[in-house]
2 protein chains.
Amino acid sequence: MDKPLEALIVDSILDAIGDQRLRAGTKLGEQALSEIFGCNRLHVRRALSMLTGWQVVDHLPNRGAYVATPTPQDAHDVFQARRAIETTICRNAVRQATPQDIADLRAHLAEEDAARGHDNRPVAIRLSRGFHILLARIGRNPVLARYLDELTMRSSLIIGLYGTGHATLCAEDEHARITDAIEARDEVQALALLDQHLRHIEAGIHFDDAAPATGALSVALRR
Amino acid sequence: MDKPLEALIVDSILDAIGDQRLRAGTKLGEQALSEIFGCNRLHVRRALSMLTGWQVVDHLPNRGAYVATPTPQDAHDVFQARRAIETTICRNAVRQATPQDIADLRAHLAEEDAARGHDNRPVAIRLSRGFHILLARIGRNPVLARYLDELTMRSSLIIGLYGTGHATLCAEDEHARITDAIEARDEVQALALLDQHLRHIEAGIHFDDAAPATGALSVALRR
DNA sequence: AAGAATTGGATTGTTAACAATCCGTGTTAT
DNA sequence: ATAACACGGATTGTTAACAATCCAATTCTT
């Protein structure tokens, strides 16, 4: 149990980014993190290095690490990459989904529904992203799944920065209709709905108002 | 000029992998590398950490770093990911290629031709990979280009491991025909040729004979 | 002689102290 | 009063020594 120390830091920060608790631009001080996680500063340093590999942390020499601030160009590239990758993932899912996979998707949709019903926005955000991750797992291509992990993280940063109000969540009925198409093995329909869905998300961002970073690190990383 | 120290190590090893000078499974000892690059062991350590982020180095705790050895499953996933990503890259290229871009592609094809003419296999391997990288640059999506960098690296490892004889190089006329289609702005044709091309490469690997790692580290990293 | 334990050397992992850089504050000069 | 400058505290980067682990060769036992 001595290995996953820095992996825990990485996962914790990734979760916080994916859930939009950590916003673009917040400073990730080494000392602060080592106190939060009760560990050596070198472990923090390695974790931050891994996170820069994920493209979600920028490392400015002698000035520290900051949660990455995607540019409008980044946003466009990320969403185009998502369409490219999730299309293939979805095709895999249509062809390979087992009854258990479909059941998992239905259960996930129910959770999403419940979170919305309770107006639980933080959980709704997490589950909204989780649908795409679950789809990737069903697609059974770890390489693509890994890239999608990274791209959804960056999407969270983008939406947190440029997203406007109601557009910060995936429309749930779109998730449901994609699930229907997968269950019906309707590949063309599933791919079309997914592409449409991703374009809807992208349409919900506007580069005029970029909300600045704020908030305390320690509370953003509380679980 | 103090920054790119570990970046130099990373690039040097990546180049060696991309050129198939470094084969899957070779050990990357920290001391050996720090002597080769004349630097601190910690810099080597960080470089190796970045390379594991690229999925081209496996890090076994307390046992050191090794050039990754892709499994047959990895091979399938990597090539499927390449088809997904390069399709979008190629579509971008068809739509956005400038006359200068076309000229660059033609110049590259000429280089490839020359290398084959001189039976210069190492250079031919590098250029063969370079065509795909050049295409990605023309596609003007750095996110996808970054992923393709990684995937072509892993492809080099796969082909070095499982590739059979003549199949270890891209067929050059396929590169030329793809270039023709791009110049003619024939999107359908370009995408079809590229997909075909990638399937040809994948068809050239056979999992029966996996050549083991061998050779001295220092000579593989000579530039 | 074959296999299991052991020891030595080499390699990796960690720690703590030290050096360099940056940022904000306060001072001084124009 | 404003702007340039200088200082002090804080943060990041580096170094070197130390501890832990692993691997291979040797020795010991049956």
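Throughout, protein chains are lettered first and strands after them, A, B, ... in sequence-line order, and every chain is numbered starting at 1.
For B:Phe79, the ring-ring contact (aromatic ring centres under 6.0 Å, His included) criterion is met by no residue, not counting sequence neighbours. For B:Ala145, the side chain to side chain contact (heavy atoms under 4.5 Å, CB included) partners two or more places apart in sequence, or in a different chain, are B:Ala136. Residues that satisfy the side chain to side chain contact (heavy atoms under 4.5 Å, CB included) test with B:Ala84, not counting sequence neighbours, are A:Thr88. Considering only residues two or more places apart in sequence or on other chains, A:Glu35 meets the side chain to side chain contact (heavy atoms under 4.5 Å, CB included) condition with A:Gln31. Partners of A:Pro122 by side chain to side chain contact (heavy atoms under 4.5 Å, CB included), not counting sequence neighbours, listed by chain and number: A:Asn120.
Residue A:Leu33 contributes atom CG, which lies 13 Å from atom C1' of D:dT11 at whole-angstrom precision. For the pair A:Gln31 CD and D:dT12 P, the interatomic distance rounds to 8 Å; values are reported in whole Å. Atom pair B:Leu60:CG and C:dT12:P shows a separation of 11 Å (rounding to whole Å applied). Here the C1' atom of nucleotide C:dG24 and the NZ atom of A:Lys27 are 13 Å apart, to the nearest Å. Atom CD of B:Glu30 is separated from atom P of C:dT12 by 5 Å (rounded to the nearest Å). B:Tyr66 has its OH atom 8 Å from the P atom of C:dT12, to the nearest Å.
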For nucleotides 19-23 of chain C, which of its nitrogen or oxygen atoms have a protein nitrogen or oxygen under 3.5 Å away, and what is each distance?
| unit_1 | atom_1 | unit_2 | atom_2 | d |
| --- | --- | --- | --- | --- |
| C:dC23 | OP1 | A:Arg63 | NE | 2.5 |
| C:dC23 | OP1 | A:Arg63 | NH2 | 2.9 |

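Note on ring orientation: taking the six-membered ring where Trp is involved, the planes of B:His197 and B:His132 are parallel (angle under 30°, cut-offs 30° and 60°).
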Pairs of donor and acceptor atoms involving the side chains of residues 42-50 of chain A, under 3.5 Å and at least two apart or interchain, shall be tabulated with distances.
| unit_1 | atom_1 | unit_2 | atom_2 | d |
| --- | --- | --- | --- | --- |
| A:Arg45 | NH2 | A:Glu30 | OE2 | 3.2 |
| A:Arg46 | NE | A:Glu6 | OE1 | 3.0 |

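For residues 49-62 of chain A, no pair satisfies salt bridge (charged side-chain N to carboxylate O under 4.0 Å, His left out), with sequence neighbours left out.
DNA chain C lies under 4.0 Å from at least one heavy atom of each of the following residues of residues 41-50 of chain A: A:Leu42, A:Arg46.
Phosphate proximity of D:dT11 to A:His59: absent, as no side-chain N or O sits under 4.0 Å from OP1 or OP2.
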